[in-house]
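Take a look at the structure below.
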Amino acid sequence: MSERKPIRKAVFPVAGLGTRFLPATKAIPKEMLPIIDRPLIQYAVDEAREAGIEQIIFITGRGKTALIDHFDMAFELETTMRERAKDLAALEPTRIQPGNLATVRQQVPLGLGHAIWCARGIVGDEPFAILLPDELMIGAPGCMKQMVEAYHEVGGNLISVLEVPHEEVSSYGVITPGARNGALTEVLGLVEKPRIEDAPSNLIVSGRYILQPEVMRTLEGQEKGAGGEIQLTDAMARMIGAQPFHAVTFAGKRYDCGSKIGFIEATLAIALERDDLRGEVRAMATRLLAS
Ligand code: UTP
């Protein structure tokens with residue numbers, strides 16, 4: 001048994017504006033866009049629960065109520081479905097025990113670092129997970145479970161990383177890698193959206209984190225960074241050296257569902273993996289590509 005504090009809480013920043021998906025995201029949060037029949041937020045919450053997370057914390061903003069309704073009891077829907085003898089199994093993943101979902105409003109979307117800082121009161125003095133729902137991570141076990149397992153080995157702070165072509169690094173947080181041991185790489189430095197020529201590697205931070213509560217104090221009063229936003233990457237970079245910091249190379253697939261192409265890719269890839277859809281989708285795609 002590990003003596004490290006367990007990871008019980010996960011923060012889901014969902015207060016972004018989702019401008020790349022307008023007008024679809026004018027009245028609906030980006031995280032409610034469905035990949036087939038499950039909204040993005042559901043995939044992320046399922047991944048967190050698989051990793052043993054008990055408390056879900058949403059950092060929301062105005063117009064994000066649908067995300068909370070999604071995990072609430074839908075009394076009229078359920079009553080009507082029961083009266084009509086319909087199967088309620090599809091609603092099962094949306095059930096969260098009362099008290100296990102907390103929400104905080106970010107008020108103004110000042111950046112990911114600021115969004116995380118808004119959770120400081122609920123996170124308190126324990127290590128916690130962060131999952132960005134628009135990065136869809138598909139693996140068995142899931143990405144957060146792989147990270148929690150790594151955390152029990154090395155403790156400290158962990159981020160999930162993956163390799164991208166060098167010319168793409170400027171859109172992401174990039175690590176300076178140190179010693180490598182299997183899927184674990186020591187993190188010696190971190191930089192947000194570097195110029196291609198300045199990038200220390202092609203290993204990018206990919207939307208899953210386990211951080212020690214000290215990050216909240218580091219975020220306190222932090223200046224704006226790349227893109228005029230308060231960056232989580234900058235706060236994490238300041239913690240390197242003071243605490244262990246590792247990257248976990250995720251064994252699985254990652255889809256950037258914050259971009260249209262990533263979203264389409266995820267929809268197709270997941271449809272092709274599902275037993276109930278694979279055959280028909282493959283035939284349809286073949287037909288479309290031939291025309
Ligand atoms: P993105 O920058 O990808 O999301 O932030 P966005 O701003 O919603 O999308 P675009 O670029 O305008 O299309 C990554 C994650 O961080 C959250 C977002 O909701 C998303 O899950 N976020 C970002 C916040 O919660 N608050 C912020 O101030 C910024």
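Keep in mind that what you see is a predicted model, and the values were worked out from it rather than measured. Each ligand, and each atom within it, is numbered from 1 in the order the structure gives.
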Q. Can an N or O of Gly18 be found at a distance shorter than 3.5 Å from an N or O of ligand 1?
A. yes
Q: Starting from atom 16 (O) of ligand 1, locate the nearest protein heavy atom and write down its residue, its atom name and how far away it is, to 0.1 Å.
A: Leu112 CD1, 3.8 Å
Q) For Pro13 and ligand 1, does the shortest N/O to N/O distance drop below 3.5 Å? A) yes
(Q) Quick check on Gly258 - does any of its heavy atoms sit under 4.0 Å from an atom of ligand 1? (A) no
Q. Does any non-hydrogen side-chain atom of Ile159 lie less than 4.5 Å from one of Phe245?
A. yes
Q.
Tell me whether Val108 has any N or O atom under 3.5 angstrom from an N or O of ligand 1.
A. no
Q) Are any of the N/O atoms in Thr19 less than 3.5 Å from those in ligand 1? A) yes
Q | Identity and separation of the nearest protein heavy atom to atom 7 (O) of ligand 1 | A | Leu17 N, 3.6 Å
Q) Below 3.5 angstrom, do we get any N/O pair linking Phe21 and ligand 1? A) no
Q: Return the residue, atom name and 0.1 Å-rounded distance of the protein heavy atom closest to atom 23 (C) of ligand 1.
A: Gly16 CA, 4.1 Å
Q) Heavy-atom count around Lys253 NZ within 6.0 Å, excluding the residue itself: above 12? A) no
Q.
Quick test: of every protein heavy atom, which one is nearest to atom 28 (O) of ligand 1, and how far off is it to 0.1 Å?
A. Gly111 N, 2.7 Å
Q: Using atom types as modelled and distance alone, determine if a side-chain donor or acceptor of Ser201 lies under 3.5 Å from a backbone N or O of Ile175.
A: yes
(Q) If you count every heavy atom of other residues, nucleotides or ligands that lies below 6.0 Å from Glu163 atom CD, does the total exceed 12? (A) no
Q) Is Glu126 reaching over with its side chain to a backbone N or O of Lys5, donor-acceptor style, under 3.5 angstrom? A) no
Q. For atom 5 (O) of ligand 1, which protein heavy atom lies nearest, and how many Å away is it?
A. Asp134 OD2, 4.5 Å
Q) Can you check whether Ile59 has an N/O within less than 3.5 Å of an N/O in ligand 1? A) no
**Q.** Option among Ile57, Leu232, Leu112 that satisfies the side chain to side chain contact (heavy atoms under 4.5 Å, CB included) test with Pro13
**A.** Leu112
(Q) Could you identify the single nearest non-hydrogen protein atom to atom 25 (O) of ligand 1 and state the distance to 0.1 Å? (A) Ala15 N, 2.9 Å
Q) For the side chain of Thr233 and the backbone of Gly173, is there at least one donor-acceptor N/O pair under 3.5 Å apart? A) no
Q: Give the numbers and elements of all ligand 1 atoms closer than 4.0 Å to a heavy atom of Ala115.
A: 24 (C), 25 (O), 26 (N)
Q. Is the backbone of Gly142 close enough, under 3.5 Å, to the side chain of Glu47 for a donor and an acceptor to pair up by distance?
A. no
Q) Going by the order shown, which atoms of ligand 1 are within less than 4.0 Å of some heavy atom of Leu110? A) 28 (O)
Q. With respect to atom 26 (N) of ligand 1, which of Glu135, Gln106, Arg20, Glu31 exhibits the smallest heavy-atom separation?
A. Gln106
Q.
If the threshold is 4.0 Å, N to carboxylate O, is there a salt bridge linking Glu135 and Arg208?
A. no
Q. Is the CD atom of Glu223 crowded by more than 12 outside heavy atoms at less than 6.0 Å?
A. no
(Q) I'd like to know whether CG of Asp276 has more than 12 heavy-atom contacts from other residues, nucleotides or ligands below 6.0 angstrom. (A) yes
**Q.** Heavy atom of the protein closest to atom 4 (O) of ligand 1 (residue, atom name, distance)
**A.** Lys30 NZ, 3.0 Å
